[in-house]
Amino acid sequence: MDINERIRAILTEHPIVLFMKGTPEFPMCGFSSRAAMALSEAGAAFRAVNVLADPQLRAALPHFANWPTFPQLFIQGELIGGCDIIEDLKSAGELSRMASDVAGAVS
Ligand SMILES: N[C@@H](CCC(=O)N[C@@H](CS)C(=O)NCC(=O)O)C(=O)O
């Protein structure tokens, strides 16, 4: 499986995916920490993937997503954006709506 197939497999398996540096429990970057916190506060059940533990993934994702930095949030396979966008969506109440739409679609 090449790296793009591997990314697509992760996105197919998990409806909300945050590619981040470190983990929600031990974030290795302030942006990743804030993104994971915003998702948790919005009640989103998300899969966190630590790109620092997977150099191949870290190198490929900016090209795959056409987004240069981490964190990267995908919902149902679509790139939503990074920390700034995640926090804006949360402030607008959109993040929890998106998360509950996904939960409704999955269950
Ligand atoms: N404004 C960005 C900030 C993210 C950012 O600047 N991330 C940097 C530092 S963690 C990054 O990923 N740099 C590229 C790299 O380390 O591969 C956002 O909204 O997510």
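When a ligand or atom number is given, it counts from 1 through the structure's own listing order. Heavy-atom basis, side chains included; hydrogens, waters and symmetry copies ignored.
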What side-chain donor-acceptor pairs closer than 3.5 Å can you find for residues 56-73, not counting sequence neighbours?
| unit_1 | atom_1 | unit_2 | atom_2 | d |
| --- | --- | --- | --- | --- |
| Gln56 | OE1 | Arg6 | NH2 | 3.4 |
| Gln72 | NE2 | Trp67 | O | 3.1 |
| Gln72 | NE2 | Thr69 | O | 3.2 |

Query raised in the report: Looking only at protein heavy atoms, which one is nearest to atom 6 (O) of ligand 1, and how far off is it?
Result: Phe31 CE1, 3.7 Å

Report summary line: Counting from 1 in the order shown, the ligand 1 atoms closer than 4.0 Å to a non-hydrogen atom of Cys83 are 18 (C), 19 (O), 20 (O)

Report task. Examine Cys29 against ligand 1 and note whether any of their N/O atoms are separated by less than 3.5 Å. Result -> no

**Report entry** Close-contact set for ligand 1 against Gly82 heavy atoms, below 4.0 Å
**Finding:** 19 (O), 20 (O)

Query raised in the report: For atom 14 (C) of ligand 1, what is the nearest protein heavy atom, given as residue, atom name and distance?
Result: Pro68 O, 4.0 Å

Requested in this report: Using distance alone, determine whether Asp84 and ligand 1 share an N or O pair under 3.5 Å.
Outcome: yes

Could you pull out every donor-acceptor pair under 3.5 Å between side chains of residues 24-32 and any protein atom, sequence neighbours left out?
| unit_1 | atom_1 | unit_2 | atom_2 | d |
| --- | --- | --- | --- | --- |
| Ser32 | OG | Lys21 | N | 2.9 |

Report summary line: Nearest non-hydrogen protein atom to atom 4 (C) of ligand 1, with distance, is Phe70 O, 3.3 Å

Requested in this report: Please report the C-alpha distance between Ile86 and Leu95 in whole Å, then the side-chain angles of each, then the deciding distance to 0.1 Å, and finally whether the side chain to side chain contact (heavy atoms under 4.5 Å, CB included) criterion is met.
Outcome: CA-CA 7 Å; Ile86 294 167; Leu95 197 57; 3.8 Å; yes

Query - Min side-chain heavy-atom separation Ile80-Met98 under 4.5 Å - result: yes

Query - ligand 1 contact by Arg58, heavy-atom criterion under 4.0 angstrom - result: yes

Query raised in the report: In terms of hydrophobic clustering (I, L, V, M, F, W, Y; side-chain heavy atoms under 4.5 Å; direct or indirect links), are Leu18 and Met37 co-clustered?
Result: no

**Report entry** Closest protein heavy atom to atom 16 (O) of ligand 1, given as residue, atom name and distance to 0.1 Å
**Finding:** Lys21 NZ, 2.5 Å

Query - Test item: Glu41 side-chain N/O and Ala38 main-chain N/O as donor-acceptor pair under 3.5 Å - result: no

Query raised in the report: Is it true that Arg97 and Glu94 make a salt bridge, defined as a side-chain N closer than 4.0 Å to a carboxylate O?
Result: yes

Query raised in the report: Can you check whether Pro71 has an N/O within less than 3.5 Å of an N/O in ligand 1?
Result: no

